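For reference, the structure discussed in these notes is given below.
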Amino acid sequence: MSATASGPAAILDIVQDSDTPPVERSAVRLPVAAGSARSMLLTVLAELVYPNREPVWTSALLRVLAGVGIEPQTGRQAIARTAAAGWITAQKRGREVRWELTDRAVRLIEDGAARVYSLHSDDRQWDGRWLILFVTIADAQRTARKRLYSALSWEGFGNPTPGVWLSPHPDRESRARRVIEDLGLADSTLAFIGTASAIGLTEDAIVAQAWDLSDVATRYEQLLIRYSGLKAEPGDAALYTHIRLVNEWQRFPFLDPQLPEKLVPDWIGRRAARIFYQSRSAGYEAAQLRWREIASDDAAV
C-alpha cells in the first residue's frame, strides 16, 4: 500500500498481548486507550516510521511523543513494551539505539490499513446476508473471551446476545475463522451465513442490541467538532496535529461496524470518515516533511 496522501499507510490502535502465545497473536487484537503513550507510539510507527522504512533513533521517537504530551520516561516505557510485543527490534550503535519495524509489525500495519480506511469507502449494495457465529466459552477461559471480544469487534462483529456474534459482511468469514482458530475455539463454534428470518427480532432490533451506535455517533460528532476545518501551521504544529488526529481516528474500527446503508441510513460515520480522510491527506506531506527533519537531525547527533 502506498504511503502517500492519496494512499495512506495504515494506522492501528491495536497491540498484541505480549503474554499471548505466538500462535494466538496473528489475529487477536487488544485495544489501547487513545492518547496513551503506547497508543501514540503505535501511531507514530505506522504513520511516520512505516512509510519511510528507515530505522529511527530513540531520541526521535521521544521527541515526537513529547510533542503530543508524553513524558520521556513514559515514552521509554512504551518503547520497551512495544519491543517486547514484537513490533520493533533494536539496533545498538554504541550507547545509542535505533529501532526498526519487524516483519510482523509491517504485516499488522498493512493488514490494518484496509480495515481503518475502509470506513470512508463507498457503500456497497448489501444482499441481506449475515455471517453468524455461535461461540461457547467456558468460565475457565475468561482470557479467551476478552480476546475474542476485541478481535471480533475489530472486524465489525456485533454481540446481540451472549455467545452470538454477527456481521453483515460475509466476506469477512476467513478473518473470523482465523480469530476462532487462533483462540482454540473451533470445536466450540457454529457458523452460518444467511438472511434473517421473520421469527423473533427484526433486523432493526438486532442492530440495536448488537451495537451501541448512539455512542459511536456521539464520538464521531466530537471528532468532527475538534478537527473540521483545522489547519495547522507548518513544522511542529503540523506534525503533532496530524498525529493527534490520526490517533483519535484509529479507534473507530473497534467502534464502527460499517453497517450497510439499508441498516443505518444516513450514518454519520460515512461522512466523518470522508472528512477525516481529506483532513489526513491534506496534512500528510507537511507531517512527513517535519518528521524527516527530526529523524535526520537526531541521526546526526
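Remember, predicted model here, so these are calculated numbers, not experimental data.
Of the inter-residue distances, the one linking Thr161 atom OG1 with Gln209 atom CD reads 7.5 Å to the nearest 0.5 angstrom. To the nearest 0.5 Å, atom OG1 of residue Thr218 and atom CD of residue Gln222 are 6.5 Å apart. Distance OG/Ser39 to CD/Gln250: 5.0 Å, rounded to 0.5 Å. Between Glu248 atom CD and Ile243 atom CD1 the span is 12.5 Å, to the nearest 0.5 Å. Here the CG atom belonging to Leu263 is positioned 9.0 Å from the CD1 atom belonging to Ile206, to the nearest 0.5 angstrom. For the atom pair Ile294 CD1 and Leu289 CG, the distance stands at 10.0 Å (nearest 0.5 Å).
Each side chain to side chain donor-acceptor pair (under 3.5 Å) pair with one or both residues in residues 185-208, not counting sequence neighbours, appears once here: Trp130-Glu203.
Residues Leu41 and Arg81 are not in side-chain contact: their nearest non-hydrogen atoms beyond the backbone lie 4.5 Å or more apart. The shortest distance between side-chain heavy atoms of Val68 and Asn247 does not fall below 4.5 Å. Leu108 is listed as a side-chain neighbour of Trp87, based on a closest heavy-atom distance under 4.5 Å. Counting only heavy atoms from C-beta outward, the side chains of Val56 and Trp291 approach each other to under 4.5 Å.
Counted within 6.0 Å of CG on Asp215, heavy atoms from surrounding residues, nucleotides or ligands total more than 12; the atom is thus considered enclosed. Few gaps surround CD on Glu100; more than 12 heavy atoms of other groups in view lie less than 6.0 Å from it. For OH of Tyr240, the number of neighbouring non-hydrogen atoms (other residues, nucleotides, ligands) closer than 6.0 Å is greater than 12.
Salt bridge annotation for Arg107-Asp103: absent, with no cationic side-chain nitrogen under 4.0 angstrom from a carboxylate oxygen. The existence of a salt bridge linking Glu155 and Arg175 is confirmed by a sub-4.0 Å separation between a basic side-chain nitrogen and an acidic carboxylate oxygen. Glu54 has no carboxylate O lying under 4.0 Å from a charged side-chain N of Arg98, or vice versa, which leaves the two without a salt bridge.
Remark: the backbone N or O of Pro168 is paired with a side-chain donor or acceptor of Trp126 at under 3.5 angstrom. Side-chain atoms of Thr74 do not come within 3.5 Å of backbone N or O of Ile70 as any donor-acceptor pair. At distances below 3.5 Å, at least one donor-acceptor pair connects side-chain atoms of Arg53 with backbone N or O atoms of Tyr50.
Side chains of Glu47 and His242: a donor on one and an acceptor on the other come within 3.5 Å. Residues Gln288 and Asn52 bring a donor and an acceptor atom of their side chains to less than 3.5 Å of each other.
Trp211 pairs by the side-chain hydrogen bond (donor to acceptor under 3.5 Å, both in side chains) definition with nothing, not counting sequence neighbours. Residues forming a side chain to side chain contact (heavy atoms under 4.5 Å, CB included) with Leu62 (at least two apart in sequence, or on another chain): Thr58, Arg76, Ile79.
The aromatic rings of Phe276 and Trp249 lie parallel to each other, their planes meeting at an angle below 30°, with 60° marking the opposite boundary. Ring geometry for Tyr220 against Phe252 counts as parallel: the plane angle stays under 30°, on a 0 to 90° scale with 60° as the upper cut.
The two residues Pro257 and Arg172 have their closest heavy-atom pair at O-NH1, 4.2 Å. Closest non-hydrogen pair, Ile193 versus Arg129, comes out as CG2-NH1, 3.6 Å. For Tyr284 against Pro51, the heavy-atom pair with the smallest separation is OH-CB, 3.5 Å. Taking both residues in full, the closest heavy atoms of Ala176 and Leu131 are given as CB-CD2, 4.3 Å, listed atom of the first, atom of the second, then distance. Across all non-hydrogen atoms, the minimal contact from Leu65 to Ala37 is CD2-O, 4.3 Å. A pairwise comparison of heavy atoms in Ala286 and Ala238 identifies CB-CB, 4.0 Å as the closest pair.
Put simply, the residue from Val49, Thr89, Ile88, Thr82 that forms a side chain to side chain contact (heavy atoms under 4.5 Å, CB included) with Trp99 is Ile88.
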In sequence, state the C-alpha distance, the side-chain angles, and the governing distance for Ile109 and Leu101, and then conclude on side chain to side chain contact (heavy atoms under 4.5 Å, CB included). CA-CA 10 Å; Ile109 288 171; Leu101 292 172; 4.1 Å; yes
